[in-house]
Amino acid sequence: MTTKKIIFPVLAAMIAIGAAFAASEKKEEKSKAAVATFYVVNENATSYQVTTTPDPNCLSAGSQVCKITTSATPDANNRIEKTQATASGWKN
């Protein structure tokens, strides 16, 4: 009888701890934003119009942004706000 009194609370505690770890793992996975690379086709004062087709002239130096990295998704017109992107390639 005493064995049952000890085992069931211990087993319940182990299940609760396991469930807590599983829940924290799922939260952590959801918080990670995927970073994507896009190539700039056009730009205005507030946004970049982008494509996924690489630009062969895009280098690491130049005066015009041609490649960005971002965790944002382009809108219906393939635009990403400049505040949501980081320039990572340039061309002349």
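Counting from 1, the numbers follow the sequence of the chain as shown.
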Original post:
Which pair of non-hydrogen atoms, one from Val50 and one from Val41, has the smallest distance, and what is that distance?
Top reply: C-CG2, 4.0 Å
**OP:** Could you note down all residue pairs passing side-chain hydrogen bond (donor to acceptor under 3.5 Å, both in side chains) where residues 58-67 supplies at least one of them, sequence neighbours left out?
**Re:** none
**OP:** Mind listing the closest non-hydrogen atom pair of Asn42 and Val40 along with its distance?
**Re:** O-CG1, 3.4 Å
What side-chain donor-acceptor pairs closer than 3.5 Å can you find for residues 73-86, not counting sequence neighbours?
{"unit_1": "Asp75", "atom_1": "OD1", "unit_2": "Asn77", "atom_2": "N", "d": "2.9"}
{"unit_1": "Asp75", "atom_1": "OD1", "unit_2": "Asn78", "atom_2": "N", "d": "3.1"}
{"unit_1": "Asp75", "atom_1": "OD1", "unit_2": "Arg79", "atom_2": "N", "d": "2.8"}
{"unit_1": "Asp75", "atom_1": "OD2", "unit_2": "Arg79", "atom_2": "NE", "d": "3.2"}
{"unit_1": "Asp75", "atom_1": "OD2", "unit_2": "Arg79", "atom_2": "NH2", "d": "3.2"}
{"unit_1": "Lys82", "atom_1": "NZ", "unit_2": "Glu43", "atom_2": "OE2", "d": "2.8"}
{"unit_1": "Lys82", "atom_1": "NZ", "unit_2": "Asn44", "atom_2": "O", "d": "2.8"}

**OP:** Grab the two heavy atoms, one from Thr70 and one from Ala72, that are nearest each other, plus how far apart they are.
**Re:** OG1-N, 2.9 Å
Subject >> Distance (rounded to the nearest 0.5 Å) between Phe38 CZ and Thr52 OG1 >> reply: 7.5 Å
**OP:** Quick one: list whatever passes side chain to side chain contact (heavy atoms under 4.5 Å, CB included) with Asp55, sequence neighbours left out.
**Re:** Tyr39, Asn57, Cys58, Cys66, Lys91
